[in-house]
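Working notes for the structure below.
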Amino acid sequence: MLRRRLSSLLLRSPCSSSAVASSYQQQQHLLLPTHAEKPPALNLLRLFTSLAGTDGDRPFIAFVLGGPGSGKGTQCSRIASDFGFAHVSAGDLLRNEIASGTDHGEWILEIIREGRIVPSEITVELVRKAIESSSAKRVLIDGFPRCEENRIAFEKITGTEPDLVLFFDCPEDEMVKRLLSRNQGRVDDNIETIKKRLKVFESLNLPVVEYYSSRGKAHKINATGTEDEIFEAVRKLFSSLRL
Ligand SMILES: Nc1ncnc2c1ncn2[C@@H]1O[C@H](COP(=O)(O)OP(=O)(O)OP(=O)(O)O)[C@@H](O)[C@H]1O
Ligand SMILES: O=c1ccn([C@@H]2O[C@H](COP(=O)(O)O)[C@@H](O)[C@H]2O)c(=O)[nH]1
Ligand SMILES: [Mg+2]
């Protein structure tokens, strides 16, 4: 019974459970996975090894959000080296799944190629495992949660909330310019996919930032200017934290 209830919670299409998502679906339904894209079955019970109960011991968790190309990865590397954080990039975890030829790899690749969001039962599990296997006392989660449904699933499954949410605020034209000159061979760094990622960002990622803003957890950083200039603002914020 419990298992059935939890399965229905987790196996819903990504970001289709909230009011935000359903209005988004009406506008942008082509960007969402179809029923046929339901992932191969996972051992759902494994997902309920939560971080809850270890709350006192759990690391300080910072979610790092921002549009595609806003500089999340670049700034996370610098925070990691200057402030002793482990850097967990949800996008990298998914790309590792593709590269290591897992059961879900091809299916994940298609979703990324189309700029859509991988279902929570995949990403929450990857992120949770990465946090649990890290010995760091401070962890940056880069590029997750991507939508309200991701956020709710993470909080339910891990029994915890982030301590801090960093939001890199960058104009669209600057993000597009950066992505088109990134040159890392990513399947999603082409103008068609970038346009889709920007729509997903605005419709689905931003509500997560708004949610955490309303809880007083989100800190907006102006992500224009040089990497050094942006890091100065980041450094100020992290220096003011009691970590
Ligand atoms: N302040 C900056 N000015 C100019 N270019 C930058 C700046 N910060 C990062 N870049 C470059 O822009 C590109 C995108 O940066 P980065 O990979 O850090 O973004 P991201 O937010 O992680 O993107 P994605 O969501 O696609 O993973 C990279 O080539 C990076 O070197
Ligand atoms: O939580 C996540 C994180 C990422 N994705 C998918 O991966 C790509 C690339 O992510 P980056 O953070 O830009 O590296 C993203 O566009 C999504 O398709 C995801 O679904 N869920
Ligand atoms: Mg990145």
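Each ligand, and each atom within it, is numbered from 1 in the order the structure gives.
- Of the heavy atoms in N183, none comes closer than 4.0 Å to ligand 1.
- Considering only non-hydrogen protein atoms, atom 20 (O) of ligand 2 sits nearest to V118 N, 2.7 Å.
- Salt bridge status for R128 with E125: present, with a side-chain N to carboxylate O gap under 4.0 Å.
- Ligand 1 has G225 within reach: a non-hydrogen atom of the residue lies less than 4.0 Å from it.
- Screening L65, N222, V234 against F168 for a side chain to side chain contact (heavy atoms under 4.5 Å, CB included) leaves a single residue, V234.
- Near I117, meaning under 4.0 Å from any of its heavy atoms, are these atoms of ligand 2: 20 (O).
- Between D142 and ligand 2, no N or O atom pair is found at a separation short of 3.5 Å.
- Distances shorter than 4.0 angstrom occur between a heavy atom of G67 and an atom of ligand 1.
- Where the criterion is an N or O separation shorter than 3.5 Å, residue side chain and backbone included, A223 fails it with respect to ligand 1.
- Using a 4.0 Å cutoff on heavy atoms, G91 does not count as a contact of ligand 1.
- Below 3.5 Å of separation, one finds no N or O of P68 facing any N or O of ligand 1.
- Between the side chain of R178 and the backbone N or O of G69 there is at least one donor-acceptor pair closer than 3.5 Å.
- For atom 3 (C) of ligand 2, the closest non-hydrogen atom of the protein is G143 O, 3.4 Å.
- Counting heavy atoms from C-beta on, the side chains of P119 and I111 come closer than 4.5 Å.
- Checked by distance only, ligand 2 and F144 stay at 3.5 Å or farther apart across all their nitrogen or oxygen atoms.
- Between T193 and R113, the side chains place no donor N or O within less than 3.5 Å of an acceptor N or O (distance only, hydrogens not considered).
- Note on E192 versus K196: no salt bridge recorded, every NZ/NE/NH1/NH2 to OD/OE distance being 4.0 Å or above.
- Distance CZ/F201 to CD/E172: 8.5 Å, rounded to 0.5 Å.
- Qualifying salt bridge (Lys or Arg N to Asp or Glu O under 4.0 Å) partners for E232, counting only residues two or more places apart in sequence or in other chains: R235.
- Checked against a 6.0 Å centroid threshold, the rings of F63 and F154 count as neighbours.
- Distances between N or O atoms of R95 and those of ligand 2 include at least one value under 3.5 Å.
- Heavy atoms of R186 found under 4.0 angstrom from ligand 1 belong exclusively to the side chain.
- Using a 4.0 Å cut-off to heavy atoms of T123, the atoms of ligand 2 that qualify are 1 (O), 2 (C), 21 (N).
- Given atom 18 (O) of ligand 2, the protein heavy atom at minimum distance is R116 O, 2.5 Å.
- Annotation: atom 23 (O) of ligand 1 to nearest protein heavy atom, G69 N, 3.0 Å.
- Atoms of ligand 1 lying under 4.0 Å from any heavy atom of S70, numbered from 1 in the order shown and given with element: 21 (O).
- Taking the centre of each ring, F167 and Y212 stay at or above the 6.0 Å mark.
- If you number the atoms of ligand 1 from 1 as listed, the ones under 4.0 Å from a heavy atom of I230 come out as 1 (N).
- Side chains of T74 and E227: a donor-acceptor N/O pair is absent below 3.5 angstrom, by distance only.
- In terms of modelled atom types and a separation under 3.5 Å, the side chain of R146 and the main chain of L204 share no donor-acceptor contact.
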Would you please test T160 and R58 for side chain to side chain contact (heavy atoms under 4.5 Å, CB included) and show each step?
CA-CA 9 Å; T160 196; R58 74 152 176 83; 2.5 Å; yes
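- At least one N or O atom of G71, backbone or side chain, sits closer than 3.5 Å to an N or O atom of ligand 1.
- Note: the hydrophobic cluster containing L243 does not contain V165 (ILVMFWY, side chain heavy atoms under 4.5 Å, direct or indirect links).
- At a 4.0 Å heavy-atom cut-off, ligand 2 does not touch D92 at all.
- Between V208 and P145 the shortest heavy-atom distance is CG1-CG, 3.9 Å.
- A heavy-atom separation below 4.0 Å is found between R186 and ligand 2.
- No N or O atom of D142 sits closer than 3.5 Å to an N or O atom of ligand 1.
- Not a single heavy atom of G66 lies less than 4.0 angstrom from ligand 1.
- With sequence neighbours excluded, the residues forming a salt bridge (Lys or Arg N to Asp or Glu O under 4.0 Å) with D228 are R78, listed by chain and number.
- Here the heavy atom of the protein found nearest to atom 12 (O) of ligand 1 is R178 CB, 3.4 Å.
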What do the steps show when you test D188 against I194 for side chain to side chain contact (heavy atoms under 4.5 Å, CB included), and what is the final call?
CA-CA 7 Å; D188 51 353; I194 290 169; over 6 Å; no
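- Annotation: atom 17 (O) of ligand 1 to nearest protein heavy atom, R182 NH1, 2.8 Å.
- Only side-chain heavy atoms of L179 come within less than 4.0 Å of ligand 1; its backbone N, CA, C and O stay farther off.
- Closest protein heavy atom to atom 8 (N) of ligand 1: E227 CG, 3.6 Å.
- Residue T74 approaches ligand 1 through these ligand atoms, each under 4.0 Å from one of its heavy atoms: 9 (C), 15 (O), 16 (P), 18 (O), 30 (C).
- Residues D57 and K137 are not paired through a salt bridge, judged by the lack of any N-O separation under 4.0 Å between the basic side chain and the carboxylate.
- In the vicinity of R197, heavy-atom distances shorter than 4.0 Å reach the ligand 2 atoms 13 (O), 16 (O).
- Salt-bridge formation is not detected for the pair K72/D142: no Lys NZ or Arg NE/NH1/NH2 atom is positioned less than 4.0 Å from an Asp or Glu carboxylate oxygen.
- Distances below 4.0 Å separate heavy atoms of G73 from the following atoms of ligand 1: 18 (O), 20 (P), 22 (O).
- Among the atoms of R197, some N or O lies under 3.5 angstrom from an N or O of ligand 1.
- Among protein heavy atoms, atom 15 (C) of ligand 2 sits closest to R146 NH2, 3.4 Å.
- From the protein, the heavy atom lying nearest to atom 25 (O) of ligand 1 is K72 NZ, 2.7 Å.
- When only interatomic distances are considered, the shortest N/O to N/O separation between D189 and ligand 1 does not fall below 3.5 Å.
- Evaluated by nearest non-hydrogen atom to atom 5 (N) of ligand 2, the leading choice among L65, I111, L94, N150 is L94.
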Start with the C-alpha gap between L93 and V127, add the side-chain angles, then the distance that decides, and say whether side chain to side chain contact (heavy atoms under 4.5 Å, CB included) holds.
CA-CA 8 Å; L93 293 174; V127 168; 4.2 Å; yes
